[in-house]
Amino acid sequence: MALILGIESSCDETAAAVVEDGRRVVSNVVASQIAKHSPYGGVIPELAAREHLTAIGPVVDQALKDAGITPADLSAVAVTHAPGLVPALLIGMTYAKGFAIANNLPLIGINHFLGHIYGAFVGEDAPYRFDDPALYPMLAAVVSGGHTSLVVLTPDGKSHLVGTTLDDAAGEAFDKAAKLLDLGYPGGPIIERLAKNGKTDAHHFPRSLTGAAGKPVAPENRFNFSFSGLKTSLLYLVRDMGGADKLSEEQLYDCLASYQEAIVDVLCTKIFDAAKQYRVKSVVLCGGVACNGALRERFEQRVPKNLIALTAPKKYCTDNAAMIGGLASFYHRSGAYNGLDLDAQARLPLSTELPFSLR
Ligand code: KG4
Ligand code: ZN
């Protein structure tokens, strides 16, 4: 039995979790900084780092307490080291390194992006194991505030980025729309709630890089995304309607429902086109935006019969450490540990290689 402590601090959530053998989440603590960043309508990196600094100790202590264990019961400590806001990552990493030294534990650096994919496999009721050969090749759609990326994972543990956003991430499209309409932060959950009252076909927002406008899509952009034009289109629509403060409730709900529909439509169209193109056996939907009910529903409706579709449970879609501690069990099994020279990295590389095979 391997008990791994996972630590996550790549953005605005300070999180720690204890996971047994990659599946059983023994404890899962998430301290959100939303209230601190809310007045700015987005995450301020230095503020995030300062908040992590004060939260990290108590959050880790709580995770151990909830699990009813001491550091001596752990097999390893895993920490997100990339990609993310570097000042924020450094706090979790420095804490994890100190924790590893003090308790004589191996250290495992985890890629946050792969962690999000693992969100679909953590928890005792996850329908598949990450290393189930029936799932590969797998297409993962990581849709969050930092990413909108399509990755193909092959059984040899290699992952290839096949599409990504050229500007805003889908989560940013939600957050920026909410900011524009003065609705609060983060925008995704607020827009989802209000959009339920509106008509999805009240306005036709652009579907960038889909060819829907009648123009062919350049081959290199077939699986890329662009959401900044959508946001601008909302800005002009609202301006033409007299400004955000002049909208009636019904007008606001219609704008939001149509806006959300444009995001959901583009995401599902590209995900299933890519699944076909790369002849994958499974598709995983994960990341914070995958909490969105309209997206989850459309995704499930559009899945072709021959494809296994996995949607991460909502609690493992937004940033958490269970996905980090869970994925780390595979590294632990193959002895893929990091030294204390483990570095932080802001960006996602085009391809990554897991230090183990999934076969
Ligand atoms: O995965 P996450 O917690 O952090 C990143 O790694 O970015 O994702 C946060 C993003 C935010 O942009 C937030 O607005 C979005 O996920 N989000 C949602 C929903 N819940 C969170 N977007 C749409 N609908 C939701 N229900
Ligand atoms: Zn994330």
Side-chain angles (χ1 to χ4, degrees), residues 6-15 17 28 30-34 37-38 40-43 45 48 52 79-85 88-89 92 110-120 122 140-149 151 164-165 167-181 183-196 225 227 230-231 256-257 259-268 284-299 311-324 327 346-348:
I7 294 179
E8 156 63 43
S9 73
S10 66
C11 192
D12 60 345
E13 251 92 35
T14 317
N28 186 24
V30 182
S32 173
Q33 307 175 359
I34 283 176
H37 298 284
S38 187
Y40 307 98
V43 180
H52 286 310
V79 64
T80 300
H81 76 106
L85 302 171
L89 285 168
I110 295 287
N111 176 309
H112 180 80
F113 188 87
L114 295 173
H116 269 303
I117 301 172
Y118 199 79
V122 76
V142 183
V143 193
S144 69
H147 305 280
T148 302
S149 301
V151 162
T164 191
T165 180
D167 40 57
D168 292 343
E172 277 180 289
F174 278 105
D175 296 340
K176 290 182 177 176
K179 190 174 181 184
L180 197 120
L181 294 164
L183 298 175
Y185 174 83
I190 302 170
I191 292 181
E192 177 179 9
R193 182 167 44 80
L194 300 175
K196 287 198 176 105
F225 300 88
F227 292 106
L230 175 65
K231 173 195 66 195
L256 295 178
Y259 187 84
Q260 176 175 273
E261 171 63 22
I263 297 174
V264 167
D265 187 23
V266 168
L267 287 173
C268 289
V284 172
L285 179 66
C286 56
V289 178
C291 284
N292 186 278
L295 175 60
R296 295 171 83 89
E297 205 175 296
R298 187 73 51 83
F299 178 79
T311 313
K314 288 187 185 180
K315 65 180 165 185
Y316 303 132
C317 280
T318 45
D319 287 349
N320 66 88
M323 65 188 194
I324 305 301
L327 177 57
R347 299 210 168 271
L348 180 73

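The model shown is predicted, which means the values in this text are computed figures rather than measured ones. All heavy atoms count here, side chains included; hydrogens, waters and symmetry mates do not. Numbers for residues simply follow the sequence, beginning at 1. For ligands, and for the atoms within them, numbers begin at 1 and follow the listed sequence.
Only one option out of Val284, Asp319, Thr318 pairs with His116 in a side chain to side chain contact (heavy atoms under 4.5 Å, CB included); it is Asp319. Of the candidates Val142, Ile263, Thr164, Leu267, Leu267 is the only one forming a side chain to side chain contact (heavy atoms under 4.5 Å, CB included) with Thr148.
For a threshold of 3.5 Å applied to N or O pairs, the pair formed by Pro186 and ligand 1 contains no separation below that value. Where the criterion is an N or O separation shorter than 3.5 Å, residue side chain and backbone included, Gly146 meets it with respect to ligand 1. Considering both main-chain and side-chain atoms, Gly287 never comes within under 3.5 Å of ligand 1 through any nitrogen or oxygen pair.
For atom 6 (O) of ligand 1, the nearest non-hydrogen atom from the set Ile34, Thr318, Asp319, Thr80 comes from Asp319.
Of all the heavy atoms of Cys317, the ones lying under 4.0 Å from any atom of ligand 1 belong exclusively to the backbone.
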> Checking side chain to side chain contact (heavy atoms under 4.5 Å, CB included) for the pair Asp12/Tyr185: CA distance, chi angles, key distance, verdict?
Replying inline: CA-CA 12 Å; Asp12 60 345; Tyr185 174 83; 3.5 Å; yes
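Contact between His116 and ligand 1 is present, with at least one heavy atom of the residue lying under 4.0 Å from the ligand. Note on ligand 1: His112 sits in its first shell, one or more heavy atoms being nearer than 4.0 Å. For Pro189, the heavy-atom gap to ligand 1 drops under 4.0 angstrom.
When distances to the Zn ion (ligand 2) are checked against a cut-off of 2.8 Å, Cys11 contributes no N, O or S atom below that limit. Counting backbone and side-chain atoms alike, His116 contributes an N/O/S atom closer than 2.8 Å to the Zn ion (ligand 2).
Looking only at heavy atoms of the protein, atom 10 (C) of ligand 1 is closest to Gly145 N, 3.4 Å. If you check which protein heavy atom lies closest to atom 17 (N) of ligand 1, you get Gly288 O, 3.5 Å. Of the protein's non-hydrogen atoms, Asp175 OD2, 2.7 Å is the one closest to atom 12 (O) of ligand 1. What sits closest to atom 26 (N) of ligand 1 on the protein, heavy atoms only, is Glu192 OE1, 2.7 Å.
The minimum heavy-atom distance between Leu295 and Cys268, with the atom names listed, is CD1-SG, 3.8 Å. For the pair Ala48 and Val43, the tightest heavy-atom approach, listed with the atom from each and the gap, is CB-CG1, 4.1 Å.
As for Asp319, its N/O/S atom nearest the Zn ion (ligand 2) is the one called OD1.
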